[in-house]
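Chain letters run A, B, ... following the sequence lines, proteins first, then strands; residues in each count from 1. All values below come from the heavy atoms of this structure, side chains included, with hydrogens, waters and symmetry mates left out.
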There are 2 protein chains.
Amino acid sequence: MKDSLNKKGLKATPQRMEIIKYLNSTKSHPSAEEVYVYIKDKFPTVSFATVYNTLQTLKNTGDLKELSIDPDRKRFDRDLTPHNHFFCKICKKIYDIPNINEKVNIDALNDHLVEDYSIYYTGICKDCKKMNKEE
Amino acid sequence: MKDSLNKKGLKATPQRMEIIKYLNSTKSHPSAEEVYVYIKDKFPTVSFATVYNTLQTLKNTGDLKELSIDPDRKRFDRDLTPHNHFFCKICKKIYDIPNINEKVNIDALNDHLVEDYSIYYTGICKDCKKMNKEE
DNA sequence: ATAATTGCAAAAGCTTTGCACGGAA
DNA sequence: TTCCGTGCAAAGCTTTTGCAATTAT
């Protein structure tokens, strides 16, 4: 991990390493704050700026994707393979949805340069559905 | 339009009517500010609060969709028919992309309640591509 | 009359930025 | 040593909220 950072001209600081380790380990599609809370536990002096800087840097090197499926905050995803997302409007969880090589409307897009695409599903996730019933 | 508002228990105030008329007329997928600027021209005393309130109200009655494809701000769409969107990261324009009854991965979603979905494409639109070349 | 809506100002929440200090290369 | 990255504080934007005055029904 250190080498791969250095190769890109980035310094492998302990904070940065820890953030990357966290992003690698979680499937929660964390927000900047979620990352901050986690890192703060290991580096009590860490600041929001460092978290935002690091997320920005990783986004720029293409090692991290920024999701805008959550209307209230940016969410991040280290899984760079093509897949889709379901967003629960109750608990705000983001679920990965495998893609099934969807047909894409190439004709309508011919003139635009498409760098990325995915299906955004929204609704109520299975856990929240269950809770609503129980109440 | 007045009747359709009253039927829902909503008042047909001049500000509200103008906002709806604007939303009906534009294909720009406006942000709250874009709506505000337009309305301000016709009702110089109008406030941001009114715009946000109205957008919120229309969203709640299901007459307006909030898009989260733009990472920097909420965008709105009065076109409630199924279609997809392309977001240009340079000029921030949102283009409508017709849908072509995409196959959806129902199996992976079986347990979630899907209320809505669409394909979000991002990249560089044809106009911005052209400008980049010319420079 | 009464209940909803407006407009103002203030506040809240997320994200970015400037800058001096410290640390990795 | 050099320059990138950190941490702090402040600021910037978008969006929300409380409340008194106004207006549609």
Would you list the pairs meeting ring pair (Phe, Tyr, Trp, His ring centres under 6.0 Å) in which at least one residue belongs to residues 8-28 of chain B, sequence neighbours left out?
-> Y22(B)-Y38(B)
Taking all heavy atoms of M17(A) and all of A12(A), pick out the closest pair and write down the distance.
-> SD-CB, 3.8 Å
[atom1] of [X] versus [atom2] of [N]: gap in Å, rounded?
X      : N       : atom1 : atom2 : value
E18(B) : dT6(C)  : CD    : C1'   : 16 Å
F48(B) : dT17(D) : CZ    : P     : 16 Å
Q15(A) : dG5(D)  : CD    : P     : 11 Å
I19(B) : dT5(C)  : CD1   : P     : 12 Å
M17(A) : dA25(C) : CE    : C1'   : 14 Å
K92(B) : dT14(D) : NZ    : P     : 12 Å

Check against side-chain hydrogen bond (donor to acceptor under 3.5 Å, both in side chains), E34(B) and S28(B) | CA-CA 9 Å; E34(B) 189 179 326; S28(B) 71; 2.6 Å; yes
Contacts under 3.5 Å, N or O only, protein and nucleotides 8-12 of chain C:
| unit_1 | atom_1 | unit_2 | atom_2 | d |
| --- | --- | --- | --- | --- |
| dC8(C) | OP2 | T45(B) | O | 3.3 |

Side-chain contact, heavy-atom cut-off 4.5 Å: [X] with [Y]?
X      : Y      : result
L23(B) : L55(B) : yes
P98(B) : H83(B) : no
I20(A) : L58(A) : yes

Under a single-linkage definition using a 4.5 Å side-chain heavy-atom cutoff for Ile, Leu, Val, Met, Phe, Trp and Tyr, are I39(B) and L64(B) assigned to the same hydrophobic cluster?
-> yes
Looking at DNA chain C, which of residues 21-39 of chain A put a heavy atom within less than 4.0 Å of it?
-> none
What protein N or O atoms touch nucleotides 22-25 of chain D N or O atoms at under 3.5 angstrom, if any, and at what distances?
| unit_1 | atom_1 | unit_2 | atom_2 | d |
| --- | --- | --- | --- | --- |
| dT23(D) | O2 | K11(B) | NZ | 3.3 |
| dA24(D) | N3 | K11(B) | NZ | 3.2 |
| dT25(D) | OP1 | N6(B) | OD1 | 2.9 |
| dT25(D) | OP1 | N6(B) | ND2 | 3.4 |
| dT25(D) | OP1 | A12(B) | N | 3.3 |

Hydrophobic cluster mates of I124(B), side-chain heavy atoms under 4.5 angstrom, ILVMFWY only, any path?
-> L113(A), I90(B)
Between the axis at one end of the helix from dA1(C)-dT25(D) to dA25(C)-dT1(D) and the axis at the other (five pairs apiece), what's the angle to 10 degrees?
-> 40°
K59(A) side chain vs F76(A) backbone, donor-acceptor pair below 3.5 Å = no
Kindly say if Y52(A) contacts the phosphate of dT16(C), meaning a side-chain N or O under 4.0 Å from OP1 or OP2.
-> no
Using the salt bridge (Lys or Arg N to Asp or Glu O under 4.0 Å) rule, collect all pairs that involve residues 1-22 of chain A, keeping only residues at least two apart or in two chains.
-> K8(A)-D63(A), E18(A)-K21(A), E18(A)-K42(A)
Mind jotting down which residue pairs meet the salt bridge (Lys or Arg N to Asp or Glu O under 4.0 Å) criterion with at least one end in residues 85-96 of chain B? Sequence neighbours excluded, please.
-> E115(A)-K89(B)
Name every residue in residues 57-74 of chain B that has at least one heavy atom under 4.0 Å from any atom of DNA chain D, in order of residue number, or write none if there are no such residues.
-> D72(B), R73(B), K74(B)
Can you say whether the rings of H29(B) and H85(B) are parallel (under 30°), tilted (30 to 60°) or perpendicular (over 60°)?
-> perpendicular
Whether F86(B) and Y95(B) hold their rings parallel, tilted or perpendicular, with breakpoints at 30° and 60° | perpendicular
Nearest-nucleotide check on DNA chain D, F43(A) vs Q56(B); residue mapping nearer the 5' end is F43(A)
Salt bridge (Lys or Arg N to Asp or Glu O under 4.0 Å) partners of E33(A), counting only residues at least two apart = none
Can you name the side chain to side chain contact (heavy atoms under 4.5 Å, CB included) partners of P71(B), sequence neighbours left out?
-> E66(A), S68(A), K74(A), F87(B)
Which residues share a side chain to side chain contact (heavy atoms under 4.5 Å, CB included) with Y52(B), sequence neighbours left out | A32(B), F48(B)
